[in-house]
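Input: a single structure, listed below in structure tokens.
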Amino acid sequence: MRKRVVMVTGSAGEIGQALIETFAACGDTNLLTLDLRPLPPELEGKSIHIVGDILDDSLLGRLVTEYEVDTIYHLAALLSTRAEFTPELAHRVNVEGTLRLLRLAAEQSEWQGQPVRFIFPSSIAAYGLPDLETKARDSRVREWDWNTPTTMYGCNKLYGEMLGSYYSTNYRQLAADRPVMLDFRALRFPGLISAFTVPSGGTSDYGPEMIHAAAQGKPYACFVREDSRIPFMAMPDAVKALLDLAAAPKAALSREVYNVTSFSLSAGEIRDLVLEAFPEAQITFEPDLRRQGIIDSWPADLNDNPARRDWGWSPEYDASRTFHDYLIPNIRERYR
Ligand code: SER
């Protein structure tokens, strides 16, 4: 009999590593993880890990002959800064990769006669505000506001959401025998900050980079202006959001895509919090105009009322708890 698994793509990335730790701590889930890279040594043995490419159809075909997929956390993606340097590659990974996983989930739903859950992390990059006046005025955007992204990554995520909605409601809508459809659920995350991993290729990376540099005693030149403001979230809350959304009863969900957020800080406010903990930190602001343009197009905050109302979303880490209880002690320990 095929083994029933929860599948995680992009599992060697920041969210993936945190998700594996959380599943492993509960101990009752068979995890099948997939990434181009091996997992770091401390995660070895916590999942069945496959080193491979989500664009490899024969690999995906082989996996479904061996495993019955219950839920997919499709985390694999090229982030926003990286994607601007290789937009066509980003499209392949972020869109074609997502399409392949959606098709896999659609086929699995049909074979199993029950919907496979497909959990998709989307992003504040799905928004694109035209100028700073609008950003100041429409400061807590709702899911349907300003869906006009300016980056390849943002376009890819927005379209990934649409593809997910299509596969879960309209897939093969003209066929006489409509199949059982998958159960697609997406979260639009703010910038994420982990104490244990450092991001790469994102544009919200200045937040985590500033903290990790300070803890290592390294000077840091922040690539956006001091007044740049976007929302952030601590990694444990990001994992909680993914798991809570996956566990929510379908009947409670009024939408397929939900904003979730925790706190909104300017780059200057992050610097102040870092300086409280590391008074010697050398932090300067040397804006890169192009990356600044991306941050200026992202909202200052997210309205996550639908998530709070429908499935009880509530972050456990506000800015103070994120810094004082989670980031500072764990990061200090990490670089000691
Ligand atoms: N952290 C991501 C990025 O900066 C946004 O989702 O690309």
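Atoms within each ligand, like the ligands themselves, are counted from 1 in listed order.
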Practice task
Determine, step by step, whether Tyr153 and Leu78 satisfy the side chain to side chain contact (heavy atoms under 4.5 Å, CB included) criterion, reporting the C-alpha distance in whole Å, the side-chain angles of both residues, the deciding distance to 0.1 Å, and the verdict.
Solution key: CA-CA 7 Å; Tyr153 172 73; Leu78 253 64; 5.9 Å; no
Problem - Pair Arg117 + Asp183: basic N to acidic O under 4.0 Å - result: no
Using a 3.5 Å cut-off on N/O to N/O, what pairs does ligand 1 make with the protein? A line per pair would be great.
residue  : atom  : partner : partner atom : Å
ligand 1 : 1 (N) : Ser204  : OG           : 2.9
ligand 1 : 4 (O) : Ser80   : OG           : 3.4
ligand 1 : 4 (O) : Thr203  : N            : 2.6
ligand 1 : 4 (O) : Ser204  : N            : 3.0
ligand 1 : 4 (O) : Ser204  : OG           : 3.3
ligand 1 : 6 (O) : Ser123  : OG           : 2.6
ligand 1 : 6 (O) : Tyr153  : OH           : 3.2
ligand 1 : 7 (O) : Ser80   : N            : 3.0
ligand 1 : 7 (O) : Ser80   : OG           : 2.5

Problem - same_hphob_cluster(Ile294, Phe85) at 4.5 Å side-chain heavy-atom cutoff - result: no
Problem - Trp313 and Asp304 side chains, donor-acceptor separation under 3.5 Å - result: yes
Exercise for the section: Indicate yes or no: does Asp318 engage Arg321 in a salt bridge with an N to O separation below 4.0 Å. Expected result: no
Problem - For Arg188, all residues meeting side-chain hydrogen bond (donor to acceptor under 3.5 Å, both in side chains), sequence neighbours excluded - result: Tyr127, Glu161
